[in-house]
Amino acid sequence: MASVSHYFLLVLVFLDSHAAQPSCLPGCTCSEDSFGRALQCMSLSLGKIPKNHPEELKLLRIENSPLFELPRGSFINMSTLEYLWLNFNNVTVIHLGALEHLPELKELRLEGNKLCSVPWTAFQATPLLRVLDLKHNRIDVLPELALQFLVNLTYLDLSSNRLTVVSKSVFLNWLAYQKHQQPGCGAKILSSMVLALHNNPWLCDCRLRGLVQFVRSISIPVILVNSYLICRRPLSKAGQLFHETELSACMKPQISTPSASVTIQMGQNVTLRCLARASPSPTIAWTYPLSMWREFNVLTSSTAEDTALSELVIPAAHLVDRGNYTCVASNSIGRSTLVISLHVQPAQALPAPHALSFPSDGNAYVDLRVVKQTVHGILLEWLAVADATEEKWFTLYLASDETLRKEVVHIGPGINTYTVEDLLPGTKYEACLSLEGQPARRGRCVVFVTGRDHGELEAREHLLHVTVVLCAVLLAVPVGAYVWAAQAPHCCREWGLHCCPQRRKTPRCPQAAPQHRDCAYRENIAVCEDGLGPRDAEGDEDKDREEDWG
């Protein structure tokens with residue numbers, strides 16, 4: 001009887017102890033093996049680290065889940081955890097406090113995730129960490145002090161990432177940290193350190209020189225998993241092994257030019273040259289006073305390793321192009337500049353006999369552009385330089401082959417912008433700017449097309465689509481309205497008969513002769529001249545279209 005009572009008490013203790021343990025997470029496996037108590041969750045839709053876990057957990061393994069980040073406090077109540085395996089998930093972000101509460105952690109495996117960077121200071125909370133597996137991620141930077149809190153680390157795998165340049169100091173510091181950790185052993189390190197760096201797109205220029213030298217001279221206690229590290233770039237070294245490549249020391253750009261002062265005649269082509277030698281290879285840019293207005297072709301080529309030639313091509317140089325052109329060469333080490341002075345002399349051209357007589361301003365320069373455009377208007381801006389002592393007036397011409405609109409605006413000195421409004425949508429226009437008294441073709445012209453207006457409310461507000469209103473009247477009003485429509489201009493009546501059944505939107509019909517507009521609101525400097533009255537016959541219309549600016 002006593003034995004039965006003893007057995008019954010054992011059963012109660014066993015049941016009580018298991019009742020105190022939380023049930024295993026559905027879909028996961030709870031076990032106890034050589035690692036200790038383990039929780040393994042494979043191919044589950046886990047968006048975060050589970051909170052429901054066995055006590056005194058030693059191993060947590062989560063794989064093939066949509067786990068995206070490790071936020072602060074992810075491992076509360078897991079202070080006994082020694083092995084954390086989070087391979088083949090979608091971990092992209094690890095917060096600084098994510099590894100808190102893991103003082104006993106010895107292994108952290110994050111293979112096959114999407115990490116672009118690692119918060120290396122977070123390992124301050126895991127002083128016993130010995131294995132860090134980060135292969136098959138997207139890590140592209142390894143800071144010089146990355147391993148300062150990993151003094152007990154013996155295995156680091158950074159293979160199959162996106163590392164291009166790494167300083168040798170990262171790994172030399174790693175050795176130094178371990179030496180300081182063993183004060184009683186002098187300079188002797190008790191264990192080997194295994195390092196994996198293969199399958200990265202290494203950029204073999206001067207910045208990698210230190211790492212290449214480190215790999216060549218590597219010896220115990222550091223062991224490379226794969227010592228055949230291969231250069232990916234530049235093309236001249238692609239495919240070379242670290243042991244075969246020779247890299248020069250880094251230096252800031254050194255610039256030279258065939259001539260620091262260039263003199264040409266107006267209208268001639270000229271090429272300014274800048275030769276830069278640097279390691280790593282430099283990038284070259286040009287700056288000059290009118291760079292916003294005058295965009296020249298820049299041709300850059302590599303003449304030798306770590307040497308680049310940049311050529312600035314100026315076609316048909318104008319007086320406005322004279323001045324200082326600065327060549328700027330830069331790389332990761334520094335930058336250097338070189339100034340080339342361009343002198344442009346006026347061309348002394350004699351007028352040809354029997355030529356048309358225009359005001360003599362051959363040295364004037366005009367550059368016109370559209371800086372803002374809407375459905376119904378544009379903002380024009382220009383740079384106009386006249387090489388004379390007196391201030392010049394300019395004339396702005398605006399016209400379209402598709403409308404009757406022709407506008408001439410006189411612009412006084414000191415003005416360089418003009419807003420054109422009430423334009424038809426989806427219409428091609430041409431704007432030209434020239435010196436006062438000269439025809440438009442002697443200046444600079446730009447061609448632009450206004451946007452198409454799909455907003456019905458905006459169309460009604462501006463009353464641009466007159467023909468749409470005409471269609472609505474023809475379809476909906478009494479007979480008296482048709483009499484009114486019959487009295488409309490011939491082109492509108494013909495358009496209504498062809499377009500209304502299909503209800504298509506087209507540019508509105510020509511209006512009556514535009515009224516003269518007073519532009520006194522432009523401080524009496526800009527004066528408008530609106531052209532053209534109504535046309536009575538198709539012949540007159542064709543004649544006007546062939547007529548040049550004048």
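Nothing fancy with the numbering, it's 1 onward along the sequence.
- When side chains are defined from C-beta on, V447 does not count as touching Y429, because their heavy atoms never get closer than 4.5 Å.
- S336 places none of its side-chain heavy atoms less than 4.5 Å from the side chain of Q254.
- At a threshold of 4.5 Å between non-hydrogen side-chain atoms, the residues L142 and F171 count as touching.
- Counting only heavy atoms from C-beta outward, the side chains of T300 and V298 approach each other to under 4.5 Å.
- Not a single donor-acceptor pair under 3.5 Å links the side chain of S167 to the backbone N or O of E144.
- Formation of a donor-acceptor pair under 3.5 Å by the N199 side chain with backbone atoms of S160 is not found in this model.
- Screening I415, L435, L368 for a side chain to side chain contact (heavy atoms under 4.5 Å, CB included) with F394, the sole residue that qualifies is L435.
- In this structure, L272 and Y288 have side chains that are not in contact, with every pair of non-hydrogen atoms separated by 4.5 Å or more.
- Under the side chain to side chain donor-acceptor pair (under 3.5 Å) criterion, E311 pairs with R273, not counting sequence neighbours.
- The CG atom of N297 sits 10.0 Å away from atom OG1 of T271, with the distance rounded to the nearest 0.5 Å.
- Between the Q373 side chain and the V449 main chain, a donor and an acceptor come within less than 3.5 Å of each other.
- For T303 (side chain) and L309 (main-chain N/O), no donor-acceptor pair under 3.5 Å exists by modelled atom type.
- With T307 contributing its side chain and R277 its backbone, the two residues share no donor-acceptor pair below 3.5 Å.
- Side chain of Y228 to backbone of H198: no donor-acceptor contact under 3.5 angstrom is found.
- Counted by atom type alone, T326 and W286 present zero donor-acceptor pairs between their side chains at under 3.5 Å.
- At least one donor-acceptor pair closer than 3.5 Å links the side chain of N331 to the backbone N or O of M251.
- The CG atom of L145 sits 15.5 Å away from the CH2 atom of W174 when rounded to the nearest 0.5 Å.
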Determine, stepwise, if the pair I255 / L275 fulfils side-chain contact (heavy atoms from CB on, under 4.5 Å). CA-CA 6 Å; I255 309 180; L275 187 68; over 6 Å; no
Check the pair L342, I314 against side-chain contact (heavy atoms from CB on, under 4.5 Å), reporting the backbone distance first and the verdict last. CA-CA 11 Å; L342 177 63; I314 304 176; 3.8 Å; yes
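- Under a cut-off of 6.0 angstrom, the local environment of CZ in R369 is crowded, with over 12 non-hydrogen atoms contributed by other residues, nucleotides or ligands.
- Within 6.0 Å of CG on N269 lie more than 12 heavy atoms contributed by other residues, nucleotides or ligands.
- Checking side-chain atoms of R209 against main-chain N and O of L247 turns up a donor-acceptor pair under 3.5 Å.
- Distance CD1/I218 to CG/L211: 8.5 Å, rounded to 0.5 Å.
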Applying salt bridge (Lys or Arg N to Asp or Glu O under 4.0 Å), run through R216 and E246 and close with a yes or a no. CA-CA 11 Å; R216 285 176 177 174; E246 293 293 336; 3.7 Å; yes
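- Formation of a donor-acceptor pair under 3.5 Å by the T164 side chain with backbone atoms of W202 is not found in this model.
- At a threshold of 4.5 Å between non-hydrogen side-chain atoms, the residues V409 and T395 do not count as touching.
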V262 vs V270, side-chain contact (heavy atoms from CB on, under 4.5 Å): CA-CA, chis, key distance, verdict: CA-CA 9 Å; V262 179; V270 62; 3.8 Å; yes
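- By the 6.0 Å contact criterion, CZ on R233 is open, its count of non-hydrogen atoms from other residues, nucleotides or ligands being 12 or less.
- In this structure the side chain of L203 never reaches within 4.5 angstrom of the side chain of L208, judged on heavy atoms.
- Although no hydrogens or angles enter the test, the distance criterion places no donor-acceptor pair under 3.5 Å between the side chain of D321 and the main chain of A317.
- Two residues are said to be in side-chain contact when any heavy atoms from C-beta on lie closer than 4.5 Å; Y397 and S434 meet this criterion.
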